[in-house]
Amino acid sequence: IALVQELTHPMFGFHPSISPDQFEESIQNIFTLTLANLKETAISLNAPDVKHCVHLLNTCQSIYLFAAGNSCSIASDAMYKFSRIGLRAIQSNIPETQVSFAHLMTEQDVALAIVYTEVK
């Protein structure tokens, strides 16, 4: 059912047209897709679950961020932002180091896996 819903979604198959010759239209196409993605994310969020996750992040000893490939830059940025607000965040782009981090985790820690896929 989810696959059918995804295939019939109005944004499915929408690929923003980007052209140096149609710069204004390109900007609008990119913003249209970005806004649609944000709206879908907002709809899919469950407020009690988000509240619980925020509580876990605020009360944990350490936040371990796990990512691979293109998601590593998002994890690095998240580590920086968590650190800026006083939360202890740990991240590495090296897979072997991530495995070591996983072994160091305790029940007082939170693992945050980041998966970022850019729509093309």
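Values below: every heavy atom of this structure, side chains too, minus hydrogens, waters and symmetry copies.
- Atoms OG and CG, from Ser62 and Leu57 in turn, are 12.0 Å apart once rounded to the nearest 0.5 Å.
- Of the inter-residue distances, the one linking Glu24 atom CD with Asn29 atom CG reads 12.0 Å to the nearest 0.5 angstrom.
- Closest approach of Phe66 and Ala111 over heavy atoms only: CE1-CB, 3.8 Å.
- Side-chain atoms of Ile63 and Ile90, non-hydrogen and from C-beta on, never get closer than 4.5 Å to each other.
- Rounding to the nearest 0.5 Å places CG of Leu45 at 9.0 Å from CG of Asp49.
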Distance-only criterion, 3.5 Å: show the donor-acceptor pairs between side-chain atoms of residues 72-87 and protein atoms not counting sequence neighbours.
unit_1, atom_1, unit_2, atom_2, d
Ser73, OG, Asn70, O, 3.3
Ser76, OG, Cys72, O, 3.2
Ser76, OG, Gln91, OE1, 3.2
Asp77, OD2, Lys81, NZ, 2.9
Ser83, OG, Met79, O, 2.9

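- Taking all atoms of both residues into account, the shortest heavy-atom contact from Thr41 to Ser44 is O-OG, 2.9 Å.
- With rounding to the nearest 0.5 angstrom, the CD atom of Glu25 is 10.0 Å from the OG1 atom of Thr32.
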Could you list the donor-acceptor pairs under 3.5 angstrom formed by side chains in residues 94-101, with sequence neighbours left out?
unit_1, atom_1, unit_2, atom_2, d
Gln98, NE2, Ala67, O, 2.7
Gln98, NE2, Ser92, O, 2.8
Ser100, OG, Glu96, O, 3.3

Open item on the list: Is there a side-chain hydrogen bond (donor to acceptor under 3.5 Å, both in side chains) between Asp109 and Thr106? Walk through the geometry before answering.
Closed with: CA-CA 5 Å; Asp109 299 324; Thr106 69; 3.2 Å; yes
